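Here the structure is laid out as structure tokens; the discussion comes afterwards.
The structure displayed is predicted, hence computed values, not measured ones. Note that ligands are numbered from 1 as they come in the structure, with each ligand's atoms numbered from 1 the same way.
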Amino acid sequence: MNILVTGGTGFVGANLCHKLIADGHRVICLDNNYTGSLDNVADLMQHPNFSFIEHDVIEPCVVDTPLDRIYNLACPASPPFYQGNRSIFTTKTCVLGILNMLELAKKHGARILQTSTSEVYGEPLVHPQPEHYRGNVNPIGIRACYDEGKRCAESLMFDYHRHEGVDIRVIRIFNTYGPLMNPEDGRVVSNFICQALRGEDITIYGEGHQTRSFQYIDDLVEGMVRMMENEIGFVGPVNLGNPGEFTIRQLAEMVLQKIPTNSKLVQRPLPADDPSQRRPDITLAGEKLNWAPTIPLNEGLDKTIAYFRQKLGL
Ligand code: UDP
């Protein structure tokens, strides 16, 4: 198949490109490289089935090759990169980006998968979060550019499905980590591992009692492909995440146990609207896709630490 991956040089996108190429597909990787890096796909650049287009999804896009599938991943996902003076750009990337990709999907008759997010649940009042929970997002807070942008993108997906007949799939991704993460991305797993490897302080925001459920990248990529290729007409949205739930302090302690270091735990202010708990209910993914994560945090952290050791030369 001919497959377009937007956000293809980012952490999740690049891992997906590698899987799709390994499965024998032709992959067009599209990115503006704002948070992604060509380093993540350097080994694919000479592959006959791989091509790269430098493009921003905010702008309409013409692709000459007939497309069978579009995975829309384009959007910065780390709070320090999507907030602040980038926040308007983030909303545009979510909303104009999916509009442009839906138009492209319509033109090509391609199936399109939108990578939505657990952020659509905001500060959840239901725990764990099932897909039918409608969430508790602060629409005017500093995370809203991302949360509401992704919510609007879901809305557009379903309107193009209902009114334009576009073949859609929607997944909601929970916190994911693994090789090809950017060491400077600012996410908690990459921060803690890189801080420990460099002997720097481990920065816990707030008390560290907030929880997250961490999914290893290979589990996510498997779930994405299963969702895209399901032929039962299941459009979602479906949660993809690992239900193993940890406090941020527990994560820091796990990292410290695995990396001999002089690093100490230090507290930093908790960012506004930082969700206090998050855990996916993955019953639906099990029923519809026969999918469940297979790699526990303990094992995934070892693989990720090995990746960062090599990347940072430490
Ligand atoms: N966090 C932290 N220290 C860091 C980076 C993040 O304590 O150096 C916290 C952050 O406040 C949040 C959790 O870890 O509660 C997950 O943050 P991340 O940015 O990885 O993901 P998200 O907030 O989008 O779930």
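- A salt bridge is defined here as a Lys NZ or Arg NE, NH1 or NH2 lying under 4.0 Å from an Asp or Glu carboxylate O, and R151 with E148 meets this definition.
- Listed by chain and number, residues touching ligand 1 at under 4.0 Å (heavy atoms only) are P79, E119, R143, N175, G186, R187, V188, N191, F192, T203, I204, Y205, Q210, R212, I248, P271, D274, R278.
- One finds a salt bridge joining E119 and R143 here, because a Lys/Arg side-chain nitrogen approaches an Asp/Glu carboxylate oxygen to under 4.0 Å.
- Residues in residues 48-75 take part in these salt bridge (charged side-chain N to carboxylate O under 4.0 Å, His left out) pairs, two or more places apart or across chains: R69-E229.
- A salt bridge between D167 and K106 is absent, with no side-chain N of the basic residue lying under 4.0 Å from a carboxylate O of the acidic one.
- With F89 as the fixed residue, the ring-ring contact (aromatic ring centres under 6.0 Å, His included) test singles out one of Y146, Y34, F81, Y82: Y34.
- Residues E222 and R226 are paired through a salt bridge, judged by an N-O separation under 4.0 Å between the basic side chain and the carboxylate.
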